[in-house]
Each structure stands twice: as C-alpha cells, then as structure tokens.
Number of protein chains: 2
Amino acid sequence: MSRVADPRTRISLLRAAEEIFAKKGLEAAKVEDIAKVAGVSKGAFYLHFETKEEAFLHVVEAFLARCSTLLAQPCGDDLPTRLEDLMELGLEHDIQLFEFFWQNRAILSILNTCNGPYAYLMGSFRKDLQENVKRGVEFFVERGAYRKDLEPNLVATLLMGAYSELATAMLSSEKKPPLRDWLLAARRIFSLGLASDRSPWERQDVSHVSLPDIPDALPSEPAERPRRAARAGRARTAR
Amino acid sequence: MSRVADPRTRISLLRAAEEIFAKKGLEAAKVEDIAKVAGVSKGAFYLHFETKEEAFLHVVEAFLARCSTLLAQPCGDDLPTRLEDLMELGLEHDIQLFEFFWQNRAILSILNTCNGPYAYLMGSFRKDLQENVKRGVEFFVERGAYRKDLEPNLVATLLMGAYSELATAMLSSEKKPPLRDWLLAARRIFSLGLASDRSPWERQDVSHVSLPDIPDALPSEPAERPRRAARAGRARTAR
DNA sequence: CCTATAACTGACCCGCCGGTCAGAAACATG
DNA sequence: CATGTTTCTGACCGGCGGGTCAGTTATAGG
C-alpha cells in the first residue's frame, strides 16, 4: 500500500540545491528557486529537508567527507624509496585530487560562500588540508629531501595557498585546464625552493604550460540587482 | 542658519558598517545593528547612505582604491641594480603591504564575504594583484634572475595564492605575527624555486620563524543560530 | 529670543521568503 | 474497483528587516 516516493525527486533536489547555492550562496538562495530547478514544488522540498540550512549542510558535508578520504595521503610503508618515484607518486596524487575538484567544481565553489556561522565549514576544510600538507613537508624534511630549517607550518601555509589559488583559477575556467602541466610546474618550483643541498632535482623546461591569460573569466553574471527593489531618489541630504 | 551635521555621525556609521559587515557579511548584516553600534538611529543611517548596499560598496571600494595605490610596484628607473638590493627592496615592499593589511584587517576580511553579485569586488582585487605580481615575475625573468621557461601567469597565480594564504593566516591571528620573518622565509623559498642557474641565492636558516601552531584560531563565534527560529520537528517523511 | 533650515528619531509600512497544511494525486494492496 | 497510505501541490501565514516620513531637536543667522 501507499504511494512510493519518486527516487529522482530527492536527487534532483540535491542537484538543484548544489547549483543554486553555488550561484547565490546560502542566504540569497531561495527555496522556491531550488524547487523550481528541481522541477517540484516548495512543499516537496520540505518533505526531504527540514530547513534550507539542513539541505545546505547536507550538500557541503557530504562533499567534505569525500574530500577527507581523498586527502588521506598514501603514507603507508609501501612507499617507493627513490626520491624521483616519490615525487612522481605525489604528482599523481595531486592530479587525482584536482581531477576530483574539477568534477565537483560546483560544490567546491560553494565553500567560498560560507560566511558567518558557517565559516567553520571552510575552516575545517582548510585545517584538514593544512594538517595534511604539513605532514607531507615533515616527511620530506625527515628524509633529508627538504631543508631542516624550514618551518613546516609556514611552508604548509604557502603550499596550501598556492594550490588553492590554482584550484580557484581552475574553477573560473570554462574548460578543463591541463592539470598535469600546472601541477608539474608547481611541484618543480616548490621542489627547488624547498630542496636541501643534496637533493638532485634538475631544472626542466615547462614553457608549454598555459594558463588563462588572466583568470578574469570569472563567470560573474551582469550583477543582477539583489533582493529588494532599488530606491528612487538619493539619500536625502546630510552631505 | 540650519543645524550642522555632527561630523562624528558619518564616521562612526562607516566604522560600525565595517565592523558589522566584517562579522556578518552583506546579507546577514542588519542596518539596525550598524546604527546601534554607531550610536545613532536607523533613520540617520539613511540620511548618509541611500541603501545598505551603498554603504557596503563605500567601505569596500574605498579600501580597494587605497590598495591599488599601495600595490603599484616601484618599477621606475631608480631601481637598484644589484640583485640583493632588489630583493631587499621587494621584501620591504611586501612588509609594508602586509602591515597595511594588518591595519585594515577588518575590511580585508569583508572581501571574503562578497558573493553572488558582489563577487566582482573580490575578482577585481585578485586581478589587480595577479597583474602586478605577473609584471614582477616578468621583470625578474627579463633580468635573467628567474628562469626563462617559467609561465608568468602560472607563477603569478602560485605566488598570489601563497601570499594571500599568508594574509589569511594573519587575519585569523589575535596578535600581529612576525611579518618580516614570514615574508622573508616565503621570499627565500620562491627565490630558490624560481631562480635561474646563475642566480647566486644562498640558503639560510629561518628556523626561528613561528607560525600559529595551526591557524585554527579562526574567531568563529559559537555558531549563533541564523535568522529565523528553528523548526520543531523533523522533516515529515519521504525517507 | 525668534525663525528657518537641516540633522536626527523611531514608530510604522510592506514585500519577500522561510515554513505550513489541507487537499489532490499516485500508488500498493485486497 | 475500493481503500488506505504516503507523496506531492500550492495557496497561505507570519515575521523579519529594508526603507519611509511626520515629528523633534539642534544650530545658525537675524
């Protein structure tokens, strides 16, 4: 007995939420819009989510969870011993990660819109990353590949910033950039910058790498006037 | 004749706007709160600004304008010729910039809260920076200090990301960090990473540099429940 | 002190949007 | 097909907060 829920409803709601939240941010996103994009009524939305915030958290937290598993560096004992192989492995890991980011770029761009009470989402994400990168740096320092005098937290901050900026550049790009080239070039620069004397990383040509001329490709819509209708006149006086 | 406007009113309104916008973001900030913090009525606010958005733009754009002038690199002809001096000058410039950021950290943190139709603010800021950094890189490449095979846009992206992450770490710190140490360490790493063979930058100890253990010092208030009162029960059913 | 003018106040207005609920529609089962 | 059960609809509610304006207060000038 009883009617069975259309399994596509929930999924299209999540999809739509992803899209609208990414475009407008949490506050400015309207539940009606989400429902409309999903092709159902507002009532249906509230059958699947208690509040707008719950839907938001559902989308974001699910993404963060998937990120966490991906971020877990392969730090077991089956690591190659040769430095070159280690670097190669790291590069592949980077590429895989960025590939994932590209696939989920809509959700990723939501993270930037988390303000005020939801800043902790972005915060935990960063912390996760930072901790991870820091461990990687320490690993290489211990092995003597990176200089001993480096402050792992500082280096991790720089690395994280550089890579997250790369990710941002990717987000604002229409078509998928040459991730391998980008990440290889980045790794080269940091390898040379962090290497200890006895690390034999040679310089190589990466001139074929292309980056959007300037990442001005921000898909900024023509600034649709927000919320309420604009006022008629100017401020009354008082300068 | 006529009453003269209390000159402190406008200023305290701007101050208050800065504070509230930084704390809540544009959407969640309430005009009443701004007025209350400024110690005037809501009506007074609307004597000085046409809309909430206008006040927001006023605060942000004024800051961006000041940034622009600071960002203009000293690329005249009175530049020193020795590479070491050039680096020293660049470092001083970095320090000055970060000092400015520290002084204006409240406004700076507003930029992150610009979403949707106001994303272009952050966008133009980044573009400005990127363009600037890129020119710097090209300058060093031309002089033979950096490798010729580097893609200036890619390098600029990495640099910008690294430094803006540093700035973020600074923002989430209670007391002013040792900017000179941070920036010196960063410059060392990138110098080594970008240098051409014939650049003679020696490695130096920077182990005394300290960075907050992990920048978890995000001043995230205990997640004050946003906007409307929460609902009582759970979502009705539908799984 | 009187008057004109502009700054300032705060109670009020009103549209938007998060959330609700009575009823319609869909489906399973007998 | 009748019946019970659950999904789904969409008109509706309520309150929050941006914006207004009639009235009050401060000041300058006469």
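Every chain is numbered from 1 and lettered A, B, ... according to where its sequence line falls, protein lines coming before strand lines.
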side-chain hydrogen bond (donor to acceptor under 3.5 Å, both in side chains) filter on S41(A), not counting sequence neighbours, yields none
Output all residues satisfying side-chain contact (heavy atoms from CB on, under 4.5 Å) with E99(B), sequence neighbours left out; order by chain, then residue number.
I95(B), K176(B), L179(B)
Against the side chain of Y46(B), the closest entry in dG18(D), dC8(C), dG10(D) is dG18(D)
Hey, is R180(A) close enough to E92(A) for a salt bridge, meaning N to O under 4.0 Å?
yes
d(CD, E27(A); C1', dG18(C)) in whole Å:
12 Å
Sole candidate of I189(A), L150(A), L158(A) that passes side-chain contact (heavy atoms from CB on, under 4.5 Å) when paired with L194(A):
L150(A)
Which nucleotide in dG19(D), dG19(C), dC8(D) has an atom nearest any side-chain atom of E53(B):
dG19(D)
Distance check needed: dG19(C) P versus F49(A) CZ, whole Å only.
13 Å
Note: for E32(A) and G43(A) on DNA chain C, the residue whose nearest nucleotide lies more 5' is E32(A)
Can you check whether any acceptor in the base of dT7(D) is under 3.5 Å from a donor in the side chain of R3(A), or vice versa?
yes
Specify the residue among K42(B) and V4(B) whose closest nucleotide of DNA chain D lies further upstream toward the 5′ end.
K42(B)
Is any side-chain N or O of H48(B) closer than 4.0 Å to OP1 or OP2 of dA7(C)?
no
Rounding to an integer number of Å, can you tell me how far L47(B) CG sits from dA6(C) P?
12 Å
On DNA chain D, does the nearest nucleotide to K30(B) precede the nearest nucleotide to T9(A) from the 5' side, or the other way round? Give the residue.
T9(A)
Give the nucleotide from the list dG19(C), dG18(D), dC8(C) with an atom nearest to the side chain of A5(B).
dC8(C)
Starting at atom NZ of K52(A), determine the distance to atom P of dG19(C), rounded to an integer number of angstrom.
8 Å
Mind checking if A29(A) touches a base, just sugar-phosphate, or nothing, with heavy atoms under 4.0 Å?
sugar-phosphate
Between P of dG10(D) and CD1 of I34(A), the distance in whole Å:
18 Å
Rounding to an integer number of Å, can you tell me how far K36(A) NZ sits from dC17(C) C1'?
13 Å
Counting C-beta onward and ignoring hydrogens, is there a side-chain heavy-atom pair between E19(B) and R15(B) closer than 4.5 Å?
no
